[in-house]
Amino acid sequence: MTKLMISNDAISAKPFIKWVGGKRGLLSQIIPLIPKEFNNYFEPFVGGGALFFELYSLGLLRDKKVYLFDINAELINAYNTVRNNPTELIKSLKKFQEKHSKEFYYDIRAWDREENFLQRSDIERATRFIYLNKTCFNGLYRVNSNGYFNVPMGSYKNPNIADEEAIFNASEALQNATIKCQSFTNVLHDAKSGDFVYFDPPYYPLTATASFTAYSKDGFLETEQIELFEVFKELSAIGCKVSQSNSDTEFIKNLYKDFDINTVMMNRFINSKSDGRGKIKEILVRN
């Protein structure tokens, strides 16, 4: 396998939030499987952005345009605030850190039930988003059918709510990125031949009862997975270099049977029972 030419003079950036299904634990397996050369970089389900931050830190995004999308408006607001106003964001997070308690957590969680929630400032909403992410159970992002965040508080003794180094380094990494709240299907309007598109969607459930479908109130099951497959095929047809992470299930492997399917091993931590944790197979599909 030809090795990627890596330049190490970029800063070391990492995700500034925890994210279920995040790829930090898989980077050593994913990096050797990405294209050696590409034009622009697209990540339409950005989540925690682990692969983006790693590619940036390795110098592999220098002089490239970067496009980061997600349908989660609060996540995208946090990204834009980290990029545009990290100093004020850290000041605000430090105030939340000083006030952190069970009562404070549930007061802040309830903000999105208020009629004027979207009229709050970008700083306020980003502070709330990061604060809840660092203090809720397992860093889950889950909403109910009304779109209200409903994860209970976690039991962390000293959560690192205002991680200055992570936020400042992420801010630098994001300076030249286009960050938008939009569906993954919009990548079809922007990506061109030679661009690299990495999809990390909500995974297809391993079992009928294992579905984590509440990332958005609309879910992401068979219909959405098939729609994503059609987008993957169309991008491949126009000459994009496309990769996708997903669960090692017959449904997904059958969908992508005409593409290159690689198995990777991931540690699974999000399970209430200890025997449901450990190594689990995932797949990385490439065109």
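This chain uses plain numbering: 1 for the first residue, then up along the sequence. All of these numbers come straight from a predicted model, not from anything done at the bench. What's counted below: heavy atoms across the whole structure, side chains too, no hydrogens, waters or symmetry copies.
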Got a sec: does the CD of Q182 have more than 12 other heavy atoms crowding it under 6.0 Å? yes

Centroid separation under 6.0 Å, is that true for the rings of F129 and F149? no

Quick one about N246 and Q225 (side-chain donor to acceptor, distance below 3.5 Å, no hydrogens or angles considered), yes or no? yes

One should read off an interatomic distance between I252 CD1 and Y203 OH, to the nearest 0.5 angstrom, of 10.0 Å

As a quick check of understanding, evaluate side chain to side chain contact (heavy atoms under 4.5 Å, CB included) for I31 and L51, giving each step before the final call. CA-CA 8 Å; I31 293 295; L51 183 58; 3.7 Å; yes

Under a 4.0 Å threshold between the charged nitrogen and the carboxylate oxygen, would K95 count as salt-bridged to E98? no

hydrophobic_cluster_shared for V143 and L118, side chain cutoff 4.5 Å: yes

Are any non-hydrogen side-chain atoms of L221 and P205 less than 4.5 angstrom apart? yes

Could you go through the side chain to side chain contact (heavy atoms under 4.5 Å, CB included) check for L284 and Q29 one step at a time? CA-CA 10 Å; L284 184 76; Q29 297 174 71; over 6 Å; no

Verify the ring-centre separation between F69 and F45: is it less than 6.0 angstrom? no

Can you see whether Y156 has K134 sitting over its ring - NZ or CZ less than 6.0 Å from the centre and within 45° of the normal? no

Is the backbone of N40 close enough, under 3.5 Å, to the side chain of D195 for a donor and an acceptor to pair up by distance? yes

Beyond-backbone contact of H100 with T135, side-chain heavy atoms, under 4.5 angstrom: yes

With a 4.5 Å cut-off on side-chain heavy atoms, are L132 and V151 touching? no

Separation between CD of E227 and CZ of F184, rounded to the nearest 0.5 Å: 4.0 Å

Between L188 and V197, is there shared hydrophobic-cluster membership here, with clusters defined by ILVMFWY side-chain heavy atoms closer than 4.5 Å? yes

So, for C136 and L140, which heavy atoms are closest and what is the spacing to 0.1 Å? SG-O, 3.4 Å

Out of curiosity, E282 CD to S247 OG, how far, rounded to the nearest 0.5 Å? 8.0 Å

Joint hydrophobic cluster, L75 plus Y148, side-chain heavy atoms closer than 4.5 Å: no

Decide if atom CD of E234 counts as having more than 12 heavy atoms of other residues, nucleotides or ligands within a radius under 6.0 Å. no

Shared ILVMFWY cluster between F220 and F251, side chains joined below 4.5 angstrom? yes

Does the distance from a Lys or Arg side-chain N to an Asp or Glu carboxylate O, for K23 and D200, drop under 4.0 Å? yes

Here the pair of heavy atoms bringing S183 nearest to I71 is CA-CG2, 3.7 Å

Salt bridge (Lys or Arg N to Asp or Glu O under 4.0 Å), that's the test. Do K233 and D258 meet it? Break it down for me. CA-CA 10 Å; K233 276 200 309 183; D258 295 328; over 6 Å; no

Check whether the side chains of Y141 and E74 place a donor and an acceptor atom closer than 3.5 Å, and report yes or no. no

Close side-chain approach of K64 and F38, heavy atoms under 4.5 Å: yes

Does the pair E164/K94 count as a salt bridge with the N-to-O cut at 4.0 Å? yes

Side chains of Y198 and S245: do they bring a donor and an acceptor to under 3.5 Å? yes

Using side-chain heavy atoms (C-beta onward) and a distance below 4.5 Å, is V231 in contact with F199? yes

I'd like to check T178 versus L68 (side-chain heavy atoms, cut-off strictly below 4.5 Å). Are they in contact? no

Counting distance only, does the side-chain N/O of R286 pair as donor-acceptor with the main-chain N or O of N262 below 3.5 Å? no

What do you reckon, is CD of E222 surrounded by more than 12 foreign heavy atoms closer than 6.0 Å? yes

Any non-hydrogen side-chain atom of I280 less than 4.5 Å from a side-chain atom of M265? no

For the backbone of S155 and the side chain of K157, can you confirm whether one donor and one acceptor N or O come within less than 3.5 Å of each other? no

Yes or no on side chain to side chain contact (heavy atoms under 4.5 Å, CB included) for T87 and F168, after CA distance, side-chain angles and deciding distance? CA-CA 8 Å; T87 301; F168 279 127; 3.7 Å; yes

Quick one: does N287's side chain have a donor or acceptor within less than 3.5 Å of a partner on V242's backbone? yes

Can the ring centres of Y131 and F104 be said to be less than 6.0 Å apart? yes

Main-chain N/O of Q119 paired to N116 side chain as donor or acceptor, under 3.5 Å: no

Could you grab the distance from atom CD1 of I179 to atom OH of Y79, nearest 0.5 Å is fine? 8.0 Å

Does N150 reach the side chain of R142, with side-chain heavy atoms less than 4.5 Å apart? yes

Using the ring-ring contact (aromatic ring centres under 6.0 Å, His included) rule, pick out the option among F196, F53, Y56, Y67 that qualifies with Y41. F196

Could you tell me whether N176 atom CG has more than 12 heavy atoms of other residues or ligands within 6.0 Å of it? no

So does R120 pair up with E114, basic N to acidic O under 4.0 Å? yes

Roughly how far, to the nearest 0.5 Å, is CG of L93 from OG1 of T127? 4.5 Å

Charged N to carboxylate O below 4.0 Å: is that the case for K180 and D70? no

Residues K253, I261; criterion side chain to side chain contact (heavy atoms under 4.5 Å, CB included); working and verdict: CA-CA 8 Å; K253 289 190 288 188; I261 299 177; 4.2 Å; yes

Nearest 0.5 Å please: distance from the CG atom of L60 over to the CZ atom of F52. 12.0 Å

